[in-house]
Amino acid sequence: MENQYFTSDTLNVKNRAFLWGDTVKVSFFVKNGRLIMDEECYFFLMASMRKMRMNIPLTYTLEFFQNIFQQDIIDEKGIQNGIINFQVFRNTDGVTLAKSSVSYFYEVVEMDDVLAVHGRPLEMDLIKEINVNNNLLSNIRVHCPENIYGGIYAQENDLDDVILLNPNKRIARATSGNLLFLEGNVIKVPKQSEGAYISPLMENFVTHLHKNNLADIQEHEIIAFESQKAEEILMISDEKGIFSVGKIRNKTFENTRFTELVESWRNSFQ
């Protein structure tokens, strides 16, 4: 099904999202006709806007977003399962940029189940020509030319995605989302200080595993070679969903254990 698009105002080319990439993006999730993790996603949106020094309207309450998504997506469009990629951008109507108003645009990607592992395991590789920063803005979804470059590199080399390193040559994330590395009963996750995204979707998943004693979650500084030591690798993308990683260079990975863990998490929302 073709993706659905919604805007707060009529879009034109004279906006700072188009001209300057002055925008932040946060995903919301619809499962079985209702919003899930909406509070976590909302607070992440507010934090992202504050980091970008955006003027947050008083109308931007949790109830505001619950109502527009319920009305526009679930009730009117009948979408039962999907990812809402919500983007807010700064206008040019203020005395200063910090006082400018904001507008929004969002896209709805419909899928069978936002909490299911997608069918085909991904083939990935590390990319060394570029790296991603590990500063205050590296953890939120803002304009990132490294993602574009990495995506093109992946296409040209018949890959699904690439692993991006930080300036210290340690693993930060993929272009699309965060990586989790399983070794025995330990799941290693790159620290946010390494350049990983803040991800409400991933945080909800690892919280479920921790609360139910299903795995030992550890945040680490992970060197590139450690990707070859993992037994299984999972990529969680707020924007695209959940994927197992099947191959990095000549190393292949299983996906049995992560599939079981994701299934346990998914069933907790029934």
Side-chain angles (χ1 to χ4, degrees), residues 1-5 16-29 44 48 52 82-89 105-111 114 117-135 137-167 169-181 189-190 192 194-202 222 224 227-228 230 233-253 255:
M1 179 178 175
E2 185 177 347
N3 295 349
Q4 303 287 324
Y5 299 90
R16 291 185 58 84
F18 174 76
L19 294 173
W20 302 101
D22 188 2
T23 180
V24 298
K25 183 188 291 185
V26 170
S27 296
F28 291 80
F29 308 97
F44 180 41
S48 298
M52 281 294 287
I83 296 176
I84 305 165
N85 288 312
F86 185 89
Q87 207 165 319
V88 58
F89 58 92
F105 162 91
Y106 63 95
E107 170 194 35
V108 184
V109 182
E110 191 170 10
M111 55 184 61
V114 297
V117 178
H118 287 254
R120 184 178 64 83
L122 305 181
E123 182 172 351
M124 305 178 73
D125 200 354
L126 289 94
I127 185 171
K128 297 182 178 180
E129 293 96 307
I130 57 172
N131 55 53
V132 292
N133 290 320
N134 48 356
N135 58 37
L137 300 181
S138 303
N139 307 132
I140 62 176
R141 287 161 61 194
V142 293
H143 174 63
C144 180
E146 292 84 0
N147 285 347
I148 299 169
Y149 184 99
I152 295 171
Y153 178 93
Q155 291 176 352
E156 292 178 342
N157 290 276
D158 296 322
L159 301 167
D160 297 299
D161 206 336
V162 294
I163 298 175
L164 295 166
L165 307 179
N166 62 28
K169 305 302 180 185
R170 294 192 292 260
I171 293 175
R173 55 176 175 78
T175 67
S176 303
N178 290 327
L179 297 166
L180 300 87
F181 301 87
V189 182
Q192 290 177 7
E194 293 290 281
Y197 280 139
I198 297 171
S199 165
L201 191 64
M202 187 186 76
I222 303 176
S227 65
Q228 299 290 294
I233 301 176
L234 191 71
M235 184 183 81
I236 296 184
S237 168
D238 284 29
E239 187 174 2
K240 296 182 178 181
I242 305 165
F243 302 82
S244 61
V245 177
K247 185 177 181 181
I248 299 176
R249 295 186 176 174
N250 295 322
K251 174 71 181 290
T252 58
F253 303 91
N255 63 1

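Just the heavy atoms: all of them, side chains too, but no hydrogens, waters or symmetry mates, feed the values below.
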Could you go through the side-chain contact (heavy atoms from CB on, under 4.5 Å) check for Val117 and Ile242 one step at a time? CA-CA 5 Å; Val117 178; Ile242 305 165; 4.0 Å; yes
Inter-residue atom distance [X].[atom1] - [Y].[atom2], 0.5 Å rounding:
{"X": "Leu122", "Y": "Ser244", "atom1": "CG", "atom2": "OG", "result": "6.5 Å"}
{"X": "Ser138", "Y": "Glu146", "atom1": "OG", "atom2": "CD", "result": "8.5 Å"}
{"X": "Leu165", "Y": "Lys128", "atom1": "CG", "atom2": "NZ", "result": "7.5 Å"}
{"X": "Asn178", "Y": "Ile171", "atom1": "CG", "atom2": "CD1", "result": "12.0 Å"}

Student check: side-chain heavy atoms of Lys169 and Leu126 closer than 4.5 Å: no
Student check: side-chain heavy atoms of Phe89 and Arg16 closer than 4.5 Å: no
Aromatic plane relationship, Phe86 with Phe28 - under 30° parallel, 30 to 60° tilted, over 60° perpendicular: perpendicular
Output, in order, the C-alpha distance, side-chain angles, deciding distance and verdict of side-chain contact (heavy atoms from CB on, under 4.5 Å) for Phe29 and Ile83. CA-CA 5 Å; Phe29 308 97; Ile83 296 176; 4.0 Å; yes
Worked verdict on Ile140 versus Phe44 for side-chain contact (heavy atoms from CB on, under 4.5 Å): CA-CA 9 Å; Ile140 62 176; Phe44 180 41; 3.9 Å; yes
So Val108 and Tyr106, side-chain contact (heavy atoms from CB on, under 4.5 Å) or not? Walk me through it. CA-CA 7 Å; Val108 184; Tyr106 63 95; 4.2 Å; yes
Considering residues, nucleotides and ligands other than Lys251, do more than 12 of their heavy atoms fall under 6.0 Å from its NZ? yes
Looking at Asn85, is its backbone amide N or carbonyl O close enough to the side chain of Ser27 to form a donor-acceptor pair, meaning the two atoms are under 3.5 Å apart? no
Checking the side chain of Asn134 only, and the main-chain atoms of Asn166 only, is there a donor and an acceptor separated by less than 3.5 Å? no
What pairs meet the salt bridge (Lys or Arg N to Asp or Glu O under 4.0 Å) rule with one or both residues in residues 234-247, with sequence neighbours excluded? Lys25-Glu239, Arg141-Glu239
Of all the heavy-atom pairs spanning Ala174 and Met124, show the shortest one and how long it is. CB-CE, 3.6 Å
When the side chains of residues 151-164 are checked against the rest of the protein, which donor-acceptor pairs come out under 3.5 Å, sequence neighbours left out?
{"residue": "Asn157", "atom": "ND2", "partner": "Tyr153", "partner atom": "O", "Å": "2.8"}
{"residue": "Asp160", "atom": "OD1", "partner": "Arg120", "partner atom": "NH2", "Å": "2.6"}
{"residue": "Asp160", "atom": "OD2", "partner": "Arg120", "partner atom": "NH1", "Å": "3.2"}
{"residue": "Asp160", "atom": "OD2", "partner": "Glu123", "partner atom": "N", "Å": "2.7"}
{"residue": "Asp161", "atom": "OD1", "partner": "Thr175", "partner atom": "N", "Å": "3.3"}
{"residue": "Asp161", "atom": "OD1", "partner": "Thr175", "partner atom": "OG1", "Å": "2.5"}
{"residue": "Asp161", "atom": "OD2", "partner": "Thr175", "partner atom": "OG1", "Å": "3.3"}
{"residue": "Asp161", "atom": "OD2", "partner": "Ser176", "partner atom": "N", "Å": "3.4"}
{"residue": "Asp161", "atom": "OD2", "partner": "Ser176", "partner atom": "OG", "Å": "3.0"}

